[in-house]
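We name chains A, B, ... by the order of the sequence lines, and we start the count at 1 in each one.
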Amino acid sequence: MNEPLTQPLNFIKRIINDDRAVNKNDGRVVTRFPPEPNGYLHIGHAKSICLNFGLAVEYGGRCHLRFDDTNPSKEETEYIDSIMADVRWLGFDWGTHLYYASDYFEQLYDFAVRLIQAGKAYVCSLSAEEIRASRGTLTEPGQESPYRNRPLAENLDLFARMRAGEFPDGAHVLRAKIDMASGNLNMRDPVSYRIMHTAHHRTGDAWCIYPMYDFAHCLSDSIEGITHSICTLEFEDHRPLYDWILGELAVACHPQQIEFARLNLTYTVMSKRKLLQLVNNGHVRGWDDPRMPTISGLRRRGYTPEAIRDFCERIGVAKKDSMVDMALLEHCLREDLNRRAPRAMAVLRPLKMVIENYPADLVEEMEAVNNPENPAAGTRNVPFSRVLYIEQDDFMEEPPKKFYRLAPGREVRLRYGYLVTCVGVVRDEETGEVREVRCTYDPATRGGTTPDGRKVKATIHWVSAPHALEAEVRLYDALFSVENPGAAKDVDFQELLNPDSLTMLTGCRLEPALAEAVPGSFYQFERLGYFCVDAGDSRPGQPVFNRTVTLRDTWAKLQQKGPQE
RNA sequence: UGGGGCGUCGUCAAGCGGUAAGACACGGGUCUUUGGAUCCCGGAUUCGGAGGUUCGAAUCCUCCCGCCCCAGCCA
């Protein structure tokens, strides 16, 4: 019996279902995630990871992790480690199926020799510039290389000597012999091997010739028995070449390449090149800066793998170029964190409150709910005393309409505390600024209850001043101030950075239990947002918090819409 | 002017000839010891445009328009 499908099928699942219906590949599904180890993974890669590993899980197949390490000049071991850590953190497992294209260099070389023997490849001794010049243009065909009809034996000899290291970089390349007049530039005798006297991070100097992507990728897929080779749209033009190579070599396994649209997110950039620039130019503090769309950045920011996977599920898979609203990612995060994050009280911008009729030497332990969404999370005690800190934003001397929080003469609830009424303020003698608010409390309202049933418009959070933990809190906002920084044609994207993407706050006052918060753990600071303990800069007993995402704040929203009367 | 793709609500995205799902965002309301969460309700008379086929078209055909990718010895 088939279970009713909750999600409509995307076009890739449709293809797979059709394949299985005719028992293609004996009904197996084998996918692969093939990163090049030349940078850190980002949320766009997460989409691909969720897709490939997700299909394997769903169809009872497997997904390989394969490093596409065919260009030693830009690849590093550091990236391999981070990529594996990120894929695991996202919750996926490649089991024993960890591969490297470089593991196939010998086989790939043999395939190249076979192609030469079949008269389908030749050693071309034109320079890179000459090859470019003879490639033609988008509308004009290219010119055939004078080396195109080199005798077979000479090709074999030259190719062997290329491998043997007899020639300097650039002296020769191996080219597939296809069609210099093809409308598809990838088919105009593409380069398959180049000479590169560069040590490889895994094979050392065993090789001085390295295969190009088009040659290595399809054959690596074939060697691994991949059934569905899923990649992004820009490789659509390469599919004829993918199929040509596998066809000419008549390999037993000929995977099907399927292309989908890569992820674009508003207010950020997604190209490794641009992300690298942000890192190198010091616009962020590294690949794992909490403002980066990298997996490591999102992790440090406090995103959960669950939220990212949910997001990848919701955005769907299609072929249309698209730009997904960052608000959706944040929504997925809030939904996950709302369910799981323990609540705590924290005052980011402290304003002192003195409760005039509360005994100076009294400290009460007030019971607070850890997570109203999850009764099993229990309760905790929070100390309450005569002097507290409240949020500056929660008090206004002359409250505008629709501001329901504390103001002179007004009564509000201190969450889990008491109802208090503002009876005055103390000003700075110099500046006239409000230094503290003076209140009286109603002893009958302990815990924030109202035995007489009276209503107050607002409930605000607070922290007992003598018990507070002082801490640093970092507030993050969008990295860029425009929706699509990558689209700007005449402005460098780095000029579009949001100057307020990071706000460092010191002297924040947190409820004392937070001193024990462990790095990486997350909390909801009531009424403010979700925060996590920074995994890099926190010290025992002295956590640094990152704001992961704000809570919806309708007052803040009203303010943005325009000044209120 | 070459080749390859794509165009359904502000943003994603179902729909596959039988009369436009859903999500986010947005607006309104309910509720509330987080102005959070929850819960309701509202929205495309129409599917890039124009023709055509059909009893019937977002779905089929024709033409047109727009957007994206390709001229690395990068992936």
Side-chain angles (χ1 to χ4, degrees), chain A residues 7-10 14 34-36 38 68-71 73-75 124 126-128 131-133 135-142 169-175 181-188 190-196 209-210 212-214 216-217 231-240 259 261 266 272 314-332 334-335 338-339 343 345 368-369 372-373 402-405 413-417 419 445 447-450 456-461 483 524-529 550-558:
Chain A
Q7 285 283 102
L9 297 177
N10 62 49
R14 198 180 298 277
E36 181 188 13
N38 70 343
D68 227 332
D69 54 352
T70 57
N71 184 355
S73 69
K74 36 167 72 169
E75 295 156 7
C124 179
L126 254 24
S127 68
I131 287 181
R132 190 186 317 125
R135 187 155 24 228
T137 67
L138 293 179
T139 54
E140 302 160 45
D169 289 6
H172 309 281
V173 291
L174 183 72
R175 289 229 253 171
S182 173
N184 181 344
L185 302 236
N186 293 301
M187 300 298 269
R188 319 243 263 229
V191 172
S192 295
Y193 266 89
R194 75 285 215 186
I195 299 171
M196 210 185 264
I209 58 172
Y210 294 96
M212 297 285 289
Y213 164 84
D214 286 306
H217 200 89
C231 61
T232 43
L233 251 28
E234 69 270 27
F235 291 101
E236 246 165 349
D237 290 352
H238 294 243
R239 185 170 5 112
E259 312 85 9
T266 56
K272 278 197 247 182
R314 293 201 202 200
I315 56 178
V317 179
K319 299 195 70 153
K320 183 173 66 173
D321 285 310
S322 60
M323 171 73 69
V324 176
D325 196 334
M326 178 68 90
L328 179 59
L329 215 208
E330 295 186 338
H331 168 82
C332 294
R334 288 194 186 98
E335 201 166 78
N338 177 48
R339 216 175 48 235
R343 314 285 123 128
M345 289 202 283
V369 174
E373 308 293 324
K402 293 187 179 172
F403 180 90
Y404 301 130
R405 281 110 98 146
R413 171 185 294 111
L414 295 176
R415 173 147 240 228
Y416 303 126
L419 267 59
T445 60
T449 56
T450 50
V456 287
K457 291 287 264 183
T459 298
I460 66 175
H461 60 278
E483 276 204 358
Q524 183 199 94
F525 289 173
E526 297 220 17
R527 301 207 307 131
L528 297 176
T550 59
L551 237 28
R552 288 216 187 73
D553 181 341
T554 48
W555 167 245
K557 205 177 194 174
L558 280 174

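In this structure, of B/A75, B/U34, B/G5, it is B/G5 that holds the atom nearest to the side chain of A/L233. Residue A/D237 has its side chain nearest to B/G4 when only B/A25, B/A71, B/G4 are considered.
With sequence neighbours excluded, the residues forming a side-chain hydrogen bond (donor to acceptor under 3.5 Å, both in side chains) with A/R405 are A/D394, listed by chain and number. Residues passing the side chain to side chain contact (heavy atoms under 4.5 Å, CB included) test with A/D321 are A/L233, sequence neighbours excluded. Listed by chain and number, the residues in a side-chain hydrogen bond (donor to acceptor under 3.5 Å, both in side chains) with A/S73 are A/N71 (sequence neighbours excluded). In terms of the side-chain hydrogen bond (donor to acceptor under 3.5 Å, both in side chains) criterion, residue partners of A/R415 (sequence neighbours excluded) are, by chain and number, A/E526. A/H172 meets the ring pair (Phe, Tyr, Trp, His ring centres under 6.0 Å) test with A/F167; sequence neighbours excluded. Remark: A/E75 engages no residue in a side-chain hydrogen bond (donor to acceptor under 3.5 Å, both in side chains) (not counting sequence neighbours). For A/F403, the ring pair (Phe, Tyr, Trp, His ring centres under 6.0 Å) test picks out A/W555, with sequence neighbours left out.
Taking atom C1' on both B/G22 and B/A14, the two are 7 Å apart, rounded to the nearest angstrom. Look at the C1' atom in both B/U46 and B/G5: the space between them is 26 Å, to the nearest Å. Rounded to the nearest Å, the gap between the C1' atom of B/A57 and that of B/G52 is 11 Å. For B/C64 and B/G10, the C1' atoms lie 27 Å apart once the distance is rounded to whole Å. Going from the P atom of B/C24 to that of B/U38 covers 9 Å, rounded to whole Å. Atom P of B/U59 sits at a distance of 9 Å from the matching atom of B/C47, rounded to the whole Å.
Between the CZ atom of A/R239 and the P atom of B/G4 there is a distance of 11 Å, rounded to whole Å. What separates OH of A/Y213 from C1' of B/A75 is a distance of 7 Å, to the nearest Å. Across the protein-nucleic acid pair, A/E330 atom CD and B/A37 atom P stand 13 Å apart, rounded to whole Å. Across the protein-nucleic acid pair, A/E36 atom CD and B/C74 atom C1' stand 7 Å apart, rounded to whole Å. In this structure, A/H461 places its NE2 atom 15 Å from P of B/G36, rounding to the nearest Å. Atom CG of A/L551 is separated from atom C1' of B/U32 by 14 Å (rounded to the nearest Å). One can place CZ of A/R135 at 8 Å from P of B/A71, the figure rounded to the nearest angstrom.
A 3.5 Å limit on both hydrogen-bonding distances identifies no Watson-Crick or G-U partner for B/U59. With a cut-off of 3.5 Å on both Watson-Crick or G-U wobble distances, the partner of B/U19 is given as none.
For the atom pair A/S192 OG and A/D214 CG, the distance stands at 8.0 Å (nearest 0.5 Å).
Dashed line: the shortest gap from a side-chain N or O of A/T137 to OP1 or OP2 of B/G2 is not under 4.0 Å.
For the pair A/I460 and A/R132, both in contact range of RNA chain B, the more 5′-proximal nearest nucleotide belongs to A/I460. Between A/R194 and A/L185, the residue anchored nearer the 5' end of RNA chain B, judged by the nucleotide with its closest heavy atom, is A/L185.
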Show each protein N/O and nucleotides 38-40 of chain B N/O combination with a separation under 3.5 Å, one pair to a line.
none

When you check every protein heavy atom under 4.0 Å of nucleotides 12-18 of chain B, what one-letter string (B, S, -) results, 5' to 3'? SSSSB--
